Amino acid sequence: MAVETIRAGIVGIGTYAPERILTNFDLTKTLETSDEWIFSRSGIRERRIAADHEATSDLAVIACQRALEDAGVLPEEVDLIITATNTPDMLFPATACLVQDRLGATQAGAFDLLAGCTGFIYGGVVGAQFISAGTAKTVLVVGAETMSRVINWRDRNTCVLFGDGAGAVVMRQVPHDRGILSSMLGSDGSGGKFLDMPAGGSRLPSSSETIAQELNYLRMNGREVFKFAVRAMENGAVEVLRRAGLTNDDVDFLVPHQANIRIIEYAAKKMKLPMERVAVNVDRYGNTSTASVPLALEEAIKGGKIKDGDNVVLIGFGAGLTWAGLLIKWYDAKSRGRRE
Amino acid sequence: MADVFERVKDIIVEQLGVEPEDVKPEASFVDDLGADSLDIVELVMALEETFDLQIPDEDAEKIHKVGEAVQYVLDHQ
């Protein structure tokens, strides 16, 4: 194309995982389950649980502060805050506005984005549009969850799978040979019933009956979601690569949503991608929903697994049903000297 | 029939990492071949893709033995 586009990229990252660790062994004290059962079906050994005084915005604010610091960006420089969460502090106002206030991001617009566990990737895709269009210079995208507040602790099929956490990235323009090369967003509302929290909205307002019937908790059809997730993960990756004119062989590192090691391994096998090039931290965090991709991404960066110029694919899938992908030519400002 | 059985057997050997001689029509996925619930979902997905089928959850739940999987494929191809 003749017109030089503004390339958006990630220029800073920060995460926060609550201090309290809940192991599979801890769960066996209150549930009919075992470490072996949970680990063999999910790859999860332990997860983090927010302290009683911590809500989603509290986790988000710490992750955002760390991301801003990593990027060397002041809160007043942020033009837009996108908070991806399924567990907002309350139905309204938006958690993004609570985060905006606490950060002191006085010049920023702020909104929440609801796309299940895919929310962080959706947020990244949306944020990139603002930068490429020139309507925002600095976008903060944060995925933050307190899943522990919405799971049914008596349902051993779901409660063992989730954890709490937050992760944020600062997005800005990057050199034209770096940054987001392609993206995709997918949805299939016909599968919405497979992963939902039925009560508490306008269809079924919370009442003593909905509480008694346990409708104010996350519900999941594990088999259907598993099938969807494997295919969505592969489709999302293949699609962003196709849009950039690349193939599976060009992937240097894949950061998938950390829902279940079996989903990740199955999809990686189908993509013929060795697990050395796939981020995995579900063993220590469980499924932290929108926080999982930034948590895994930061770990990969710090572990030296992602270098400047690498083709990095981020893939999310979740309630909605939704799935999405981002293909990023990784930009490491620190290895290239600080940009202006 | 023999061909479908052989192809289903190959999928089971690949997915469950079992010996081909253990994959008999009367073998139970869970009790004899050591499959867990997600192994069965993965098997169902592999069958769907190999034989170009859609196996609804309610049908998948009724497939417990190797022979039942082969029969399902034969009935729905």
Side-chain angles (χ1 to χ4, degrees), chain A residues 24 32-44 155-158 160-161 188 190-196 219-235 238 256 258-272 275 282-283 286-287 317 321 323, chain B residues 4 6-20 22-23 25 27-77:
Chain A
N24 290 350
E32 181 71 37
T33 190
S34 70
D35 177 52
E36 195 280 332
W37 194 94
I38 297 170
F39 184 72
S40 68
R41 282 163 184 77
S42 68
I44 299 166
D155 178 5
R156 64 175 179 169
N157 290 317
T158 56
V160 303
L161 301 174
D188 177 10
S190 73
K193 58 185 176 291
F194 297 138
L195 180 49
D196 65 2
R219 302 188 305 188
M220 180 167 76
N221 178 329
R223 298 167 67 101
E224 292 289 355
V225 171
F226 186 92
K227 282 169 76 172
F228 154 74
V230 170
R231 287 169 179 159
M233 189 173 143
E234 190 191 10
N235 172 268
V238 167
Q258 306 284 309
N260 186 318
I261 191 67
R262 301 274 293 266
I263 293 170
I264 296 172
E265 286 179 346
Y266 194 91
K269 193 168 112 185
K270 284 179 75 177
M271 291 173 64
K272 299 187 171 57
M275 287 302 288
V282 67
D283 51 321
N287 179 349
F317 45 86
L321 300 166
W323 68 104
Chain B
V4 169
E6 286 304 319
R7 289 168 73 192
V8 171
K9 184 159 112 177
D10 288 347
I11 292 169
I12 293 167
V13 168
E14 158 83 15
Q15 290 290 334
L16 301 182
V18 292
E19 297 301 324
D22 294 332
V23 185
S28 154
F29 290 117
V30 174
D31 297 332
D32 300 320
L33 302 176
D36 68 21
S37 56
L38 290 183
D39 288 322
I40 292 173
V41 178
E42 290 174 10
L43 262 178
V44 164
M45 292 176 65
L47 291 173
E48 288 180 336
E49 282 156 26
T50 305
F51 297 101
D52 195 22
L53 297 170
Q54 289 283 340
I55 308 178
D57 210 24
E58 55 269 30
D59 288 355
E61 280 171 10
K62 293 178 198 137
I63 300 173
H64 303 291
K65 293 181 176 175
V66 173
E68 291 166 356
V70 174
Q71 195 58 49
Y72 189 91
V73 172
L74 288 169
D75 291 347
H76 293 83
Q77 255 191 325

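In the text below, chain A, chain B and the rest are named by the order of the sequence lines, each starting its count at 1. Note that the coordinates shown come from a computational prediction; the quantities given were computed from them, not determined experimentally.
In this structure, the portions of B:Glu61 lying under 4.5 Å from any heavy atom of chain A include both its backbone and its side chain.
Looking only at side-chain heavy atoms (C-beta outward), A:Asn260 and B:Leu38 come within less than 4.5 Å of each other. Taking 4.5 Å as the limit, every side-chain heavy atom of A:Glu265 sits out of range of all side-chain heavy atoms of B:Glu42. Side-chain contact check for B:Val44 versus A:Lys227: some heavy-atom pair is nearer than 4.5 Å.
The neighbour count for A:Lys270 NZ, taken as heavy atoms of other residues, nucleotides or ligands under 6.0 Å away, is above 12. More than 12 heavy atoms of other residues, nucleotides or ligands shown are found within 6.0 angstrom of CD on B:Gln77. By the 6.0 Å contact criterion, CG on B:Asp52 is open, its count of non-hydrogen atoms from other residues, nucleotides or ligands being 12 or less.
Remark: B:Glu14 engages A:Lys269 in a salt bridge, criterion side-chain N to carboxylate O under 4.0 Å.
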